[in-house]
2 protein chains.
Amino acid sequence: MPETTRRADRLPGTRYGNRPTMKDVAARAGVGLKTVSRVVNGEPGVTPDTERRVQEAIDALGFRRNDSARVLRKGRTASIGLVLEDLADPFYGPLSRAVEEVARAHGALLINGSSAEDPEREQELALALCARRVDGLVVIPAGDDHRYLEPEIRAGVATVFVDRPAGRIDADVVLSDNYGGARGGVAHLIAHGHRRIGFIGDMPRIHTAAERLRGYRAAMEDAGITVEGHWMSLGVTSPDRVRRAAEEMLSGTDPVTAIFTGNNRVTVTVIRVLAEHSRPVALVGFDDIELADLLQPGLTVVAQDSAALGRTAAERLFRQLDGTLVAPERIELPTRLITRGSGELPPAD
Amino acid sequence: MPETTRRADRLPGTRYGNRPTMKDVAARAGVGLKTVSRVVNGEPGVTPDTERRVQEAIDALGFRRNDSARVLRKGRTASIGLVLEDLADPFYGPLSRAVEEVARAHGALLINGSSAEDPEREQELALALCARRVDGLVVIPAGDDHRYLEPEIRAGVATVFVDRPAGRIDADVVLSDNYGGARGGVAHLIAHGHRRIGFIGDMPRIHTAAERLRGYRAAMEDAGITVEGHWMSLGVTSPDRVRRAAEEMLSGTDPVTAIFTGNNRVTVTVIRVLAEHSRPVALVGFDDIELADLLQPGLTVVAQDSAALGRTAAERLFRQLDGTLVAPERIELPTRLITRGSGELPPAD
DNA sequence: CTCGCATCTGACAACGTTGTCCAGGCTCTA
DNA sequence: TAGAGCCTGGACAACGTTGTCAGATGCGAG
């Protein structure tokens, strides 16, 4: 039997631990190779008796189809890639899960990668995923230049950007309404009588941070309030710098009576500062936080729906793959103001 | 030029959107196929001039190596699979991220899948990953019978189970010390004078839940306390059932003065119940929660280090792949009691 | 000037699967 | 009983890459 010989010729212990192939199954069942393929894929044209024999051989050998070979032949991998910032961040867990669910509904697997907010790593990851020939790519940008993806997109890799827009290329983008959300949150504070309102946010080179800052400025301008320079603190991220920034705007001759925080990490630190502060200070944070309702007072937030972001992006991705989609679009999902107490405190001055 | 003809023969629009292959690069650079392969893989034996010509052709065509074909040829995919319960659960985010980091250090990508606590889906996912020929598999079990993985493990798929032990097969397992942690947490309550202590946990068919229950019983027995049946509530998971269970053990003739909660979801609900409760009740929860220190009182927890679980498991996985590892082992990581106030409340009866 | 050696290059097969196509056997009808 | 048509099964090539091996090229030494 030449078949057996060929397998024995192999170096021992190499290659998938010598897994059985369709050829082996065919030999054992005494049928042709293609017949095994037909059974494995549920294709018609196999008599029940043959099918049974093949199935028995499959079970006996513990055969499992090698999807790598299948992919090579068929040209579709039935997998999509997700490049995000940090899976350990509670904001991205639900997003990733939502993408996964949509992928699952389309029979695709999800390959995940964290860029750690490093543009180079984002590129490295995205291109590695392309080399795997993922059918599509959902990217939460870390960098601001995505021209490196142009050849991939031209080659047919469906691509959607989430949370932040793509840089220097035309592509589908799904965003939260950062500007509107921040503007609404600050307006909420103003409506409760505040005029000296602080803003602590991330580096403005990050799109979301810039948009939220813009929202803050717009709300203040709407109310005819001139923003003092020391009310704003931009680009601080580490807890102790946030702490210092908050303490600074809370002291001095012109202390703020309310603070708007630009993301959940900042919010958490500010909550700690305020907990030690004697005078009550109103607070509205961008991004919801688990247990926000159990704090004293409950935390008022501008919440974005990270799962919806992921779902929307993934659905759009698969519509690209269907060919249902033509021109790139920019989708903005609304945010929601959730009042729980901290944002409704009156100014104490 | 026969090369061009062959490609033109293809059906238009199929297969990766007609990406260039090494053959195309070779044709354009006027070199042989294997030379391109050498350049792409940085193999020696190519003159600088040839290398430059090839590199130019690669850039001009936007070529990117097809890893599917590479995998088929080489037999290793440089990717590992992670089957967990729910990526949106804050417990699994850091775990997944830790696995990813270790994978990255070994040049591997991570394919993620959520089982949604459904054994069938776990199996389906794990086998799909095996069909992709992942080099290894990190599984957080949903089911309790993993014999379906035996052929895969025999075929060389490295496998490590995390958080819960594998069912009915001998395999590497990395766990938290659920028993010891719960026992310590309950002992902590007893040390603060409590004797009527409630326990609310998940279904005992889940290993972690059973172990934590066992820890509770052991601590109570250590202190010579007989546990009343209505102090324990097992298998409740939905918020309203937890709520009812908590309210029940807090009322009646023999109300508990302290509660030990078996996981973070339960803890959150119980915190809500206690917030509405007039009499102060001590609380220790299994699993840490973000912002636990900002609650009133701060939440005392038995914390497990989910990142360490993931890291340990992944490292073990790659040591299996190195061949450094022989016999399956069971590793237990310690938990840590973090006191923040809620567990140090004296009994109020 | 020719031979030998080292260096660089390319032809070819193989990885495991699927699509195409044809052969053989069967049934049904005339 | 012979011919037509259908159904099942198998041979073969192709997917894009890498390993093997042999051929070509260039150089120096005799």
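- Counting non-hydrogen atoms under 4.0 angstrom, B:Asn41 reaches the backbone sugars and phosphates but no base.
- Between B:Asp24 and B:Arg28, none of the side-chain N atoms (NZ, or NE/NH1/NH2) sits under 4.0 Å from a carboxylate O, so this pair counts as no salt bridge.
- Atom P of nucleotide C:dC8 and atom CD of B:Glu51 are separated by 12 Å, given to the nearest angstrom.
- In this structure, the CZ atom of A:Arg73 is 10 Å from the P atom of D:dG16, given to the nearest Å.
- Salt bridge status for A:Glu329 with A:Arg316: present, with a side-chain N to carboxylate O gap under 4.0 Å.
- Rounded to whole angstrom, the span from the CD atom of B:Glu43 across to the C1' atom of D:dT20 amounts to 12 Å.
- The interatomic distance linking B:Lys23 (NZ) with D:dT17 (P) rounds to 10 Å, in whole Å.
- With sequence neighbours excluded, the residues forming a side chain to side chain contact (heavy atoms under 4.5 Å, CB included) with B:Asp118 are B:Glu120, B:Arg121, listed by chain and number.
- The backbone N or O of B:Tyr92 lies less than 3.5 Å from no partner atom in the side chain of B:Ser306, so there is not a single donor-acceptor pair.
- B:Asp172 and B:Gln320 share a donor-acceptor pair across their side chains, judged by distance under 3.5 Å alone.
- Rounded to whole Å, atom C1' of D:dT17 lies 18 Å from atom CZ of B:Arg133.
- Residue A:Arg70 places no side-chain N or O under 4.0 Å from the OP1 or OP2 atom of D:dC15.
- A straight line from CG of B:Asp49 to P of D:dG26 spans 13 Å, rounded to a whole angstrom.
- Salt bridge status for B:Arg147 with B:Glu152: absent, with no side-chain N to carboxylate O gap under 4.0 Å.
- Applying the side chain to side chain contact (heavy atoms under 4.5 Å, CB included) test between B:Leu82 and each of B:Leu110, B:Leu129, B:Leu125, B:Leu87 identifies B:Leu110 as the sole match.
- Rounded to 10°, the angle separating the first-five-pair axis and the last-five-pair axis of the helix from C:dC1-D:dG30 to C:dA30-D:dT1 equals 60°.
- Shown here are the side chain to side chain contact (heavy atoms under 4.5 Å, CB included) partners of B:Leu321, two or more places apart in sequence or in another chain: B:Arg76, B:Asp135, B:Ala158, B:Phe318.
- For the pair A:Met22 CE and D:dA14 C1', the computed distance is 16 Å after rounding to whole Å.
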Do nucleotides 4-11 of chain D as a string where each nucleotide becomes B, S or -: B if the base has a protein heavy atom under 4.0 Å, S if just the sugar-phosphate does, - if no protein is that close.
----SBBB
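- Judged as a side chain to side chain contact (heavy atoms under 4.5 Å, CB included), and not counting sequence neighbours, the contacts of B:Ala307 are B:Pro94, B:Ala98, B:Asp305, B:Arg311.
- The CG atom of B:Asp322 sits 11.5 Å away from atom CD of B:Glu315, with the distance rounded to the nearest 0.5 Å.
- Using a 4.0 Å cut-off on heavy atoms, the residues of residues 57-64 of chain B that approach DNA chain D are B:Phe63, listed by number.
- Under the 3.5 Å distance criterion, with hydrogens and angles disregarded, a donor-acceptor pair is assigned to the side chains of A:Glu122 and A:His146.
- In this structure, A:Leu72 atom CG and D:dG16 atom P are separated by 7 Å, rounded to whole Å.
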